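By convention here, the first residue in the shown sequence is residue 1. Note that the coordinates shown come from a computational prediction; the quantities given were computed from them, not determined experimentally.
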Amino acid sequence: MKQFLDNMAAFIANPFFFIAFILIIVLLLIFISYKLGSVCTRLEMKDKIHRLQEESVRRSKAVTAGLLGEQVAPFLPDFPCNPADVRFVGKPIDFVAFPGAASGKPIQEVLFIEVKTGSSKLSEREKQIKNAIESGKVRYVVYHAL
């Protein structure tokens, strides 16, 4: 043991070897830090990807449920008119309805129907359309092609 301590003392006394030793330790610490950082980053990315995949599936299910709800809505209770009087538009509103049209009765009104499921709300564009209709900014246009 004494010989080992004497060798270490001689090693530390030599500035070249001491600096080389410190440099090796610093490089080793940098390498270990890099590897640990790389592992941590990979784990964080896996977790982030997993969360994004779950969010994507959740949104996809919500969109699918919304589309299904739109298609089935005219046949559900409390729908504002007869399903036969309804025409699907899709975007930017879901339906236009002409109550009484299917039964041959006079059409007294035209309904613009937007179907929402769950806690979904009107988009900005849908709000603009609603406001335009409610403020009476609606026209009937006859367009003669060629």
Side-chain angles (χ1 to χ4, degrees), residues 4 7-8 10-146:
F4 174 75
N7 288 341
M8 286 302 288
F11 178 74
I12 292 173
N14 186 335
F16 173 75
F17 288 117
F18 181 71
I19 291 172
F21 179 72
I22 295 297
L23 186 61
I24 288 170
I25 290 186
V26 167
L27 289 174
L28 226 124
L29 288 173
I30 290 172
F31 178 75
I32 291 170
S33 298
Y34 172 77
K35 283 297 184 184
L36 282 174
S38 177
V39 167
C40 288
T41 301
R42 260 190 249 122
L43 290 174
E44 287 173 2
M45 289 304 289
K46 277 185 175 181
D47 184 52
K48 189 173 186 175
I49 288 170
H50 181 70
R51 280 186 276 120
L52 290 173
Q53 286 173 335
E54 286 178 342
E55 176 69 14
S56 176
V57 167
R58 186 189 63 74
R59 286 184 184 196
S60 177
K61 286 179 181 179
V63 168
T64 302
L67 292 173
L68 179 64
E70 287 176 3
Q71 297 300 317
V72 177
F75 305 100
L76 296 176
D78 298 328
F79 193 75
C81 61
N82 181 345
D85 295 335
V86 176
R87 300 296 173 262
F88 181 72
V89 177
K91 290 287 179 192
I93 59 165
D94 294 323
F95 298 101
V96 175
F98 308 95
S103 61
K105 295 179 184 172
I107 297 173
Q108 301 293 320
E109 66 179 338
V110 176
L111 301 177
F112 295 88
I113 303 169
E114 179 63 32
V115 176
K116 293 295 178 190
T117 58
S119 61
S120 60
K121 296 184 169 89
L122 291 177
S123 69
E124 280 305 310
R125 178 61 73 196
E126 291 165 345
K127 288 177 187 176
Q128 292 169 358
I129 292 168
K130 179 180 185 273
N131 291 337
I133 293 167
E134 288 177 345
S135 64
K137 297 178 182 173
V138 179
R139 297 185 300 143
Y140 183 86
V141 178
V142 176
Y143 172 73
H144 292 281
L146 304 176

TODO: Could you tell me the separation between the NZ atom of Lys121 and the OG atom of Ser119, rounded to the nearest 0.5 Å?
DONE: 6.0 Å

Open item on the list: Between Thr41 (side chain only) and Gly37 (backbone N and O only), is there a donor and an acceptor less than 3.5 Å apart?
Closed with: yes

Task: Closest contact, heavy atoms only, Ala73 versus Phe79 - done: O-CD1, 3.2 Å

Task: Residue pairs passing the side-chain hydrogen bond (donor to acceptor under 3.5 Å, both in side chains) test where at least one lies in residues 131-146, sequence neighbours excluded - done: Lys130-Glu134

TODO: Taking all heavy atoms of Glu126 and all of Glu114, pick out the closest pair and write down the distance.
DONE: OE2-OE2, 3.0 Å

Task: Salt bridge present between Arg58 and Glu54 (N-O < 4.0 angstrom) - done: no

Task: Option from Arg51, Glu44, Met45 for which side chain to side chain contact (heavy atoms under 4.5 Å, CB included) with Asp47 holds - done: Arg51

Open item on the list: Main chain of Ser56, side chain of Ser60: is a donor-acceptor contact present, judged purely on distance under 3.5 Å?
Closed with: no

Open item on the list: Measuring from atom CD1 of Ile25 to atom CD1 of Ile30, what distance do you get when rounded to the nearest 0.5 angstrom?
Closed with: 12.5 Å

Task: Test item: Ile113 and Cys81 side chains (from C-beta on) under 4.5 Å apart, heavy atoms - done: yes

- [ ] Look at the side chain of Arg87 and the backbone N and O of Ala84, then say whether any donor-acceptor pair between them is shorter than 3.5 Å.
- [x] yes

In residues 92-111, what donor-acceptor pairs under 3.5 Å come from side-chain atoms, sequence neighbours left out?
from   : atom 1 : to     : atom 2 : distance (Å)
Asp94  : OD2    : Val115 : N      : 2.7
Ser103 : OG     : Gly100 : O      : 3.3

Open item on the list: Are Leu27 and Ile24 packed together at the side-chain level, in the sense that at least one heavy-atom pair is separated by less than 4.5 angstrom?
Closed with: no

Open item on the list: How long is the straight-line distance from CG of Leu43 back to OG of Ser38, given to the nearest 0.5 Å?
Closed with: 9.5 Å

TODO: Look up atom NZ in Lys91 and atom CZ in Arg125, then write down how far apart they are to the nearest 0.5 Å.
DONE: 12.0 Å

